[in-house]
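What follows is a short report on a single structure.
Proteins get letters first, then strands, A, B, ... in listed order; numbering begins at 1 in each.
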2 protein chains.
Amino acid sequence: MARKQKNLPDSCGLGPALAVIGGKWKALLLWQIHQAQPCRFSELKRLQPEISEKMLIQHLREMEADGVIHREVFHQVPPRVEYSVTSAGAELDHALAPLAEWGKKHLERTEAAREKS
Amino acid sequence: MARKQKNLPDSCGLGPALAVIGGKWKALLLWQIHQAQPCRFSELKRLQPEISEKMLIQHLREMEADGVIHREVFHQVPPRVEYSVTSAGAELDHALAPLAEWGKKHLERTEAAREKS
DNA sequence: CAGCATCCTCACCGATACTG
DNA sequence: CAGTATCGGTGAGGATGCTG
């Protein structure tokens with residue numbers, strides 16, 4: 001299990017949820033895996049070049065431990081690993097949608113406010 | 001404006017949203033203000049004794065700058081300040097609800113898994 | 001009552017190099 | 001290809017004391 005990176009408060013269910021998607025890239029990763037599943041490690045690297053290899057693995061491992069993504073290893077040479085979202089992950093992705101909507105609206109609002117210059 | 005505490009990615013609207021509620025206690029604070037508004041500074045301290053005074057103020061200020069809560073000062077002795085959520089804040093609270101639901105379910109799932117010991 | 005100022009820690013995250 | 005290992009920076013967050 002991902003060590004609760006910050007020991008978030010867990011009243012009202014928000015704490016646990018934020019513990020799962022609170023990493024710097026986790027929400028984005030979940031979203032992208034959900035779009036392009038099943039997808040390989042290198043694919044994720046291509047999709048999000050900004051993220052370092054270390055954080056990519058680390059976040060993937062934590063999300064796997066949290067049961068929101070699934071990791072399937074094909075024992076071949078060269079190695080091949082595919083990531084996909086679990087049902088819990090899909091639900092989480094759904095729960096994230098309204099938040100993303102709000103984020104967009106909020107961006108528009110703040111940009112509209114800034115153009116009063 | 002709250003300096004994006006971590007420089008979160010902002011594709012798909014999730015970045016901006018997490019920038020607003022990404023602080024350790026922000027989501028919880030928004031939720032509690034929404035429940036008990038209008039509420040005073042000391043009331044928030046009582047409701048959430050775990051949070052330090054510094055973080056309380058800091059988060060309140062950032063959320064005010066982000067336009068999700070409103071801060072009203074009554075010029076009296078002793079001073080009196082009341083916090084309430086703005087309409088944007090109420091929308092955000094709404095968008096947070098599915099996430100909180102998911103968090104609860106996730107807690108149950110992980111606890112059920114743990115009791116296999 | 002409702003803050004502000006300071007110092008300090010530590011865990012998140014990045015960069016780089018190496019491996020099965 | 002898909003990782004692992006290690007070193008180090010940085011800044012969010014905690015503790016404490018003071019003020020209008």
Fill in: ring-ring contact (aromatic ring centres under 6.0 Å, His included) contacts touching residues 72-99 of chain B (sequence neighbours left out)
none

Worksheet, complete the sentence: Separation of C:dC4 atom P from B:Lys45 atom NZ, nearest Å, is 13 Å

Discussion item. Please classify the nucleic acid contact of A:Phe74 as base, sugar-phosphate, or nothing, using heavy-atom distances under 4.0 Å.
Written reply: nothing

Worksheet item: Checking B:Trp102 side chain against A:Ala88 main chain: does a donor-acceptor pair fall under 3.5 Å?
Response: yes

Worksheet item: Does the side chain of A:Arg61 get closer than 4.0 angstrom to OP1 or OP2 of D:dT4 through an N or O atom?
Response: yes

Item to complete: Kindly say if A:Tyr83 contacts the phosphate of D:dG3, meaning a side-chain N or O under 4.0 Å from OP1 or OP2.
Response: yes

Worksheet item: Taking C-beta and beyond as the side chain, do A:Leu56 and A:Leu29 meet within less than 4.5 Å on heavy atoms?
Response: yes

Worksheet item: Are B:His59 and D:dA12 close enough that a side-chain N or O sits under 4.0 Å from OP1 or OP2?
Response: no

Worksheet item: Does B:Trp25 use its side chain to pair, donor to acceptor, with the backbone of B:Ser52 at less than 3.5 Å?
Response: no

Worksheet item: Whole-Å distance between D:dT16 C1' and B:Ile57 CD1?
Response: 16 Å

Worksheet item: Between B:Leu56 (CG) and D:dG14 (C1'), how many Å, whole number?
Response: 14 Å

Worksheet, complete the sentence: A:Leu44 CG to D:dG3 C1', in whole Å, measures 13 Å

Discussion item. Looking at D:dA2, I'd like to know if its phosphate oxygens (OP1 or OP2) sit under 4.0 Å from a side-chain N or O belonging to A:Ser42.
Written reply: yes

Practice prompt. With DNA chain C as reference, determine whether A:Glu53 or A:Pro79 sits nearer its 5' end, using the nearest nucleotide of each.
Written response: A:Glu53

Practice prompt. Tell me, please, which residues at least two apart from B:Lys54 pass side-chain hydrogen bond (donor to acceptor under 3.5 Å, both in side chains).
Written response: none

Worksheet item: Of A:Lys54 and A:Glu82, whose nearest nucleotide on DNA chain D comes first from the 5' end?
Response: A:Glu82

Worksheet item: Under the 3.5 Å rule, do the base of D:dG13 and the side chain of B:Lys24 count as making a donor-acceptor pair?
Response: no

Worksheet entry | Backbone N/O of B:Asp66 and side chain of A:His106: donor-acceptor pair under 3.5 Å | yes

Worksheet item: Rounding to a whole Å, what distance do you find between B:Glu62:CD and D:dG11:P?
Response: 14 Å

Discussion item. Could you tell me how far apart A:Ile51 (CD1) and D:dG3 (C1') are, to the nearest whole angstrom?
Written reply: 14 Å

Response to the item:
So, with a heavy-atom separation below 4.0 Å from DNA chain D, the residues of residues 31-41 of chain B are none

Discussion item. Looking at B:Trp25, I'd like to know whether one of its side-chain N or O atoms comes within less than 4.0 Å of OP1 or OP2 on D:dA12.
Written reply: no

Fill in: Gap between atoms CD and P, on B:Glu72 and C:dA2 respectively (whole Å)
14 Å

Practice prompt. Determine: side-chain N/O of B:Arg71 to OP1/OP2 of C:dG3, distance under 4.0 Å, yes or no.
Written response: yes

Fill in: Rounded interatomic separation in angstrom, taking CE from A:Met55 and C1' from D:dA5
15 Å

Item to complete: Test A:Phe41 against every option in A:Arg46, A:Glu53, A:Glu82, A:Arg71 by the side-chain contact (heavy atoms from CB on, under 4.5 Å) rule and name the one that passes.
Response: A:Glu53

